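Structure first, commentary second.
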Amino acid sequence: MNEIDDIKESLKQKGFKLTTQRRAILDVIIENREKHLSSEEIYDLVKEKYPEIGLATVYRTLQLFDELGVIYKLNFDDGRSRYELYHNEDHQHHHLICLKCGSVIEMEGDLLENLEEAIENTKNFQIVDHNVKFFGYCSKCKQNKN
């Protein structure tokens with residue numbers, strides 16, 4: 001099964017259909033998976049193919065997808081929520097956020113496993129997830145800064 005089929009099956013099991021509008025929104029998210037798009041950016045891209053779609057539909061669909069675990073809603077402290085597809089991982093991956101251009105770079109792999117283990121052992125605290133954001137300057141902005 002491919003990604004769309006998995007999501008379609010997940011929606012069906014939870015009593016929802018993958019309507020034309022939902023499919024268009026999902027396609028935009030998949031096609032731009034590296035970009036961590038905001039709801040407004042998703043709306044603008046979907047509107048190119050489906051001019052009749054409304055912003056409220058995009059907001060409702062993103063909220064539904066987030067609640068159903070199809071996507072993650074991310075906050076990069078820039079005043080906008082951004083979205084990415086759900087990854088079947090124990091923890092979310094880490095993000096590098098450029099303070100100048102706003103680009104977001106994903107860091108694969110969990111860099112905090114040893115720290116989590118130490119916290120769990122010393123504080124008797126069960127960690128189920130974490131979210132780490134690093135703020136700085138991407139290579140392009142760093143180069144232009146010099």
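Keep in mind the model is a prediction, meaning the values are calculated, not measured.
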Using 0.5 Å steps for rounding, measure from the CG atom of Asp6 to the CD atom of Glu9. 8.5 Å
In terms of heavy-atom contacts, does NZ of Lys14 have more than 12 from other residues, nucleotides or ligands at under 6.0 Å? yes
If you count heavy atoms of other groups shown closer than 6.0 angstrom to NZ of Lys133, is the number above 12? yes
Are the side chain of Arg22 and the backbone N or O of Thr61 linked by a donor-acceptor pair below 3.5 Å? no
Shortest non-hydrogen contact between Ile127 and Glu120, atoms and distance: N-OE2, 2.8 Å
If you draw a 6.0 Å radius around CD in Glu52, do more than 12 non-hydrogen atoms from other residues or ligands fall strictly inside? yes
Taking every heavy atom of Tyr43 against every heavy atom of Ile53, the minimum-distance pair comes out as CE1-O, 3.6 Å
So how far is it from Leu64 CG to Ile71 CD1, rounded to the nearest 0.5 Å? 9.0 Å
Salt-bridge criterion met for Glu41 and Lys35 (N-O under 4.0 Å): no
What's the separation between atom OG1 in Thr19 and atom CG in Leu26, rounded to the nearest 0.5 Å? 10.5 Å
CG of Asn124: more than 12 outside heavy atoms within 6.0 angstrom? no
Can you tell me how far CD1 of Ile119 sits from NZ of Lys123, rounded to the nearest 0.5 angstrom? 9.0 Å
Does atom NZ (Lys47) have a neighbourhood of more than 12 heavy atoms from anything else shown, all under 6.0 Å? yes
Please identify each residue that fulfils ring pair (Phe, Tyr, Trp, His ring centres under 6.0 Å) with Phe76, with sequence neighbours left out. His36, His95
Please check: side-chain N/O of Lys73 versus main-chain N/O of Leu62, any donor-acceptor pairing under 3.5 Å? no
Measure the spacing between CD of Glu117 and OG1 of Thr122 and express it to the nearest 0.5 Å. 10.5 Å
